[in-house]
Amino acid sequence: MTQKNTRNFAIIAHIDHGKSTLADRIMEQTQTVSDRDSKAQLLDDLQVEQAHGVTVKSRTVRNYYHADDGQEYTYNFIDTPGHVDFTYEVSKSLAASDGALLLVDATQGVQAQTVANLRLARDNHLVVIPVINKIDAAAADVDRTAEQIRALAPEFATVEILKISAKTGLNVHDVLEAIHTRIPAPVGDVKQPLKALVFDSQYDAFKGIIAYVRVVDGKLTTADKLTLMANNQTVAANEIGIFAPQRVATKQLSAGDVGYVVTGLKDPQALRVGDTLTSATTPTATALPGYQPSQSMVFAGFYPQGDHYHDLQLAVEKLALNDTSFHYHAESSDALGAGFRCGFLGIFHLQIIRERLHDEYGLDVLTTAPNVTYRVHLKNEDEPVIVNNPIAFPDYAKIDFVEEPLAEATITTTSESLSDVMKLATQHKGELQDMRNQGDLVVLVYQLPFAEIAYDFFNALKSVSHGYATLTTELSGYDIADVVKIEVHVNYAKVDALSFVVHREDAPKVAQELVHKLKFVIPRKLYPMPVQSVVEGKALARVDVPPLRKNAAANGEKKSTSKKQALLRRQSVNKRQAAHSDIELPQEVFNAVLDLE
Ligand code: GDP
Ligand code: MG
C-alpha cells in the first residue's frame, strides 16, 4: 500500500457524543471485523471503560476501505478518550494523525470539550471534518447543531457538515468517502532515514514493551537495529505489525504507516512516549518534536493491603508505561509503611488508576486523601519547598508563606442551571473572569484554587446542572494562600497518613466534621480512644471512639481475666505512646477525609 492511499485520522468529540459507536461502524463497514465479532463497543475493552462507559486509552485500528473511486485505502484511526482528565491522551493521538472527525451529538449540540478538542486538532494542523451524529434520535436538532458548528471556526462556514447516525449506520458511508477525499495522505519520505513517533506504549506479559508508532520517514523491518533518540538506547524490532484491531505481525512498516514494534525492552521505564525511533545503523540527524510531559495536578498515596508491596510496585510501573500521564515515586508513612506517592491529572484519573489496579492486577490499594502541590516558602530561605505530600508539609513555625495552584475553569452550561452553577463556583472560592453566550449555552470562566476542583467539584457540577454542564480546567499559576495542615491524632498519637491541607478559614468546620466521621470508621479497641483534629499544635475538635463491648462472651471470644488485666495494665502505662502502632487504618478511614465538604 502506498502512502498516497493511506489516511491517518482521529475521532474527537465531547464524551458520549458517539466516538466509540462510530469506530465500531467504520470497522464493520470496512469488514475489519466480521459482524459476528462485532459485539457492541468493540474498542472499549478495558474493564474500567466498560464500567464507566468512557474511553480511557486511545486505540489504534487499521481498516481497508474499497472506495467509490475504485481504489483501496488504508485507514488508520485512533479512538480518543473524551473525559476532561484525559486531554493528554487526546493530544498524543492527534500528533500521530493528519486529520480528525469532529463528532457532535445532535441532541446536545456543541459542548465545552468539542471546543477544547477542536483547539487541540488545530494546534496539530489537522484537517477537521465536522460530523453531526445521532440524527436518528427524537431529540435531535440538526439545524441548530449545524449552526453552532459553523460558528466554531471560520473554515466551517463553507465546508460540508456530514449528518449521520453512528447507531443505525445511516450516512456512515459519507464519512468513509470524506476521509479519503478531504484528509491529506501522509507526506513522509520512504528514502530518508527512519523516523518514527512513539505515540503510545503497552506492556505485554510475554513480549515486554510494545511501542505504538507512526512512521514519519523511512522504513522499519524486523532486521533493523533501532535507537530511541531520547536516551540513545538501542532496541530490537523483535516483531512489527499493525492493529486489525488485534495486533497482526507484518514484514515492514514504512512512511505514513501506523503500527507497533515489540522492542524487547522489559523495564517499563525505558521507553518514553513522545520519543523518536530511528535506525541504529543509519540514524536521522534530528528527532521529531516530542510531547510536553504532562503535569500532575492531584497527588495521593497508594499503599498495599497486606503483603503486596512488590506486586504494587510492578503494577504501578506498568501502568505508568501504559499511561504516561500517571506518575509515581516511592514514599513511606509511619502509619502505613512503604507505599507510593502518585500523581494524576485529576480525581477521575485517580479513580480510573485504582480500578485498573483492581481489574488488571487484582490489587486493592489503600488510597490517602488527595492533595495538590504547594509551594512553601520558609523563613530565611530563598527557594520554596515543593510539597505534594501533606506528611512533608513543614512545621508552621518555620513557614513564611505558602502558594497554592490556581485553575482557570471553563464551564459550559444551560441558562436554566446558570444560577446554581454560579453559586457552586462561588462556594468553591471561584472568581468570575468571563461570561459569554454560545448559542443557547452560557460559557463561564472562573479562577479558583485547584484544590477546590480537585475533589468533588465535577460531580457537584453535574448534579446542580442535571448532567448538562461541562468543565475544562487549566493550571493558571500560583498564588499566596492562607493554608494550614490538619493533623489527626488518635489516642494522642499523630497518624501521619491522615494529614491534609486546607484553607485556614475552612479549618474549624472541616476539623469538626472529620472527627465525627472518624468516630464511626476507626476500628474500636477495648478502651475508649480520643480522636482529635490538630491545627498548628492546637486541638480544634475531639470525639471519643467508644470502646468495644467488654462482654465478648456471646461470640465465644472471651479472654481470660488475666489477659484482660494485662491488657488494661499495658494501656494505662503510657497512653501517649500506646496508639499509632496498633491502630488499623481501613480504607473507610481515608474515605472519611476524602468525602469532606
Ligand atoms: P463516546 O463516549 O463518544 O465514545 O460515545 P459512545 O460511542 O460510547 O456513545 C454514547 C452513547 O450514545 C451510547 O449509549 C450510544 O449507544 C449512543 N449513540 C451513539 N451514536 C448514536 C446515534 O447515532 N444515535 C443514537 N440514538 N444514539 C447513539
Ligand atoms: Mg467511547
Side-chain angles (χ1 to χ4, degrees), residues 9-29 32-33 35 38-61 63 77-94 97 100-118 120-121 128-146 149 161-176 178 245 348-349 351-352 412 458 462 467-472:
F9 65 97
I11 307 177
I12 53 177
H14 189 76
I15 190 163
D16 281 346
H17 281 199
K19 291 181 304 287
S20 301
T21 310
L22 179 60
D24 288 352
R25 281 303 88 68
I26 290 176
M27 283 194 283
E28 259 169 46
Q29 297 200 8
T32 301
V33 287
D35 291 346
S38 79
K39 59 176 163 98
Q41 302 290 309
L42 199 70
L43 287 182
D44 286 359
D45 59 358
L46 285 179
Q47 283 180 42
V48 274
E49 294 185 351
Q50 285 177 347
H52 291 279
V54 300
T55 308
V56 174
K57 284 294 296 175
S58 300
R59 297 308 150 90
T60 305
V61 181
N63 307 271
F77 86 71
I78 299 167
D79 188 24
T80 54
H83 193 275
V84 52
D85 277 5
F86 299 106
T87 314
Y88 185 70
E89 290 279 334
V90 178
S91 62
K92 287 193 305 189
S93 5
L94 295 188
S97 312
L101 304 175
L102 179 71
L103 212 56
V104 183
D105 181 338
T107 68
Q108 302 253 305
V110 165
Q111 298 284 323
Q113 282 171 56
T114 316
V115 182
N117 283 325
L118 175 63
L120 286 172
V128 179
I129 302 175
V131 180
I132 299 178
N133 188 31
K134 307 197 190 179
I135 63 169
D136 61 298
D141 190 341
V142 178
D143 291 340
R144 191 172 74 89
T145 306
I149 291 174
I161 299 176
L162 304 177
K163 293 155 189 166
I164 69 161
S165 167
K167 191 170 169 189
T168 68
L170 178 68
N171 297 341
V172 170
H173 178 77
D174 294 348
V175 175
L176 290 168
F348 185 69
H349 189 206
Q351 273 172 27
I352 296 283
T412 308
F458 185 67
K462 282 282 173 199
Y468 279 109
T470 61
L471 171 72
T472 57

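As the structure lists them, so they are numbered: ligands from 1, and atoms in each ligand from 1.
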Side-chain contact test, heavy atoms from C-beta onward, threshold under 4.5 Å: evaluate it for [X] versus [Y] and give yes or no.
X: Ile164; Y: Val131; answer: yes
X: Asp105; Y: Asp16; answer: no
X: Asn171; Y: Ile135; answer: yes
X: Ile12; Y: Leu120; answer: no

Which atoms of ligand 1 are found less than 4.0 Å from any heavy atom of [X]?
X: Asp16; result: 1 (P), 2 (O), 3 (O), 5 (O), 10 (C), 12 (O)
X: Lys19; result: 1 (P), 2 (O), 3 (O), 4 (O), 5 (O), 7 (O)
X: Asp136; result: 22 (C), 23 (O), 24 (N), 25 (C), 26 (N)

Spacing of Thr107 atom OG1 and Lys134 atom NZ [to the nearest 0.5 Å]: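 It comes to 5.5 Å.
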
Counterpart residues, side-chain hydrogen bond (donor to acceptor under 3.5 Å, both in side chains), relative to Asp136 (two or more places apart):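 side-chain hydrogen bond (donor to acceptor under 3.5 Å, both in side chains) check on Asp136 returns Ser165.
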
From Lys167, His14, Arg25, Lys134 - option closest to atom 17 (C) of ligand 1 by heavy atom: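 Residue with the shortest heavy-atom distance to the ligand atom: Lys134.
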
Ala166 N/O to ligand 1 N/O under 3.5 Å: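 Between Ala166 and ligand 1 (N or O atoms, distance only) the closest approach is under 3.5 Å.
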
Nitrogen or oxygen atoms of Gly18 and ligand 1 under 3.5 Å apart: yes

Ligand 1-proximal atoms of Asn133, by part, heavy-atom distance under 4.0 Å: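 It is the side chain that gets close, since no backbone atom is under 4.0 Å.
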
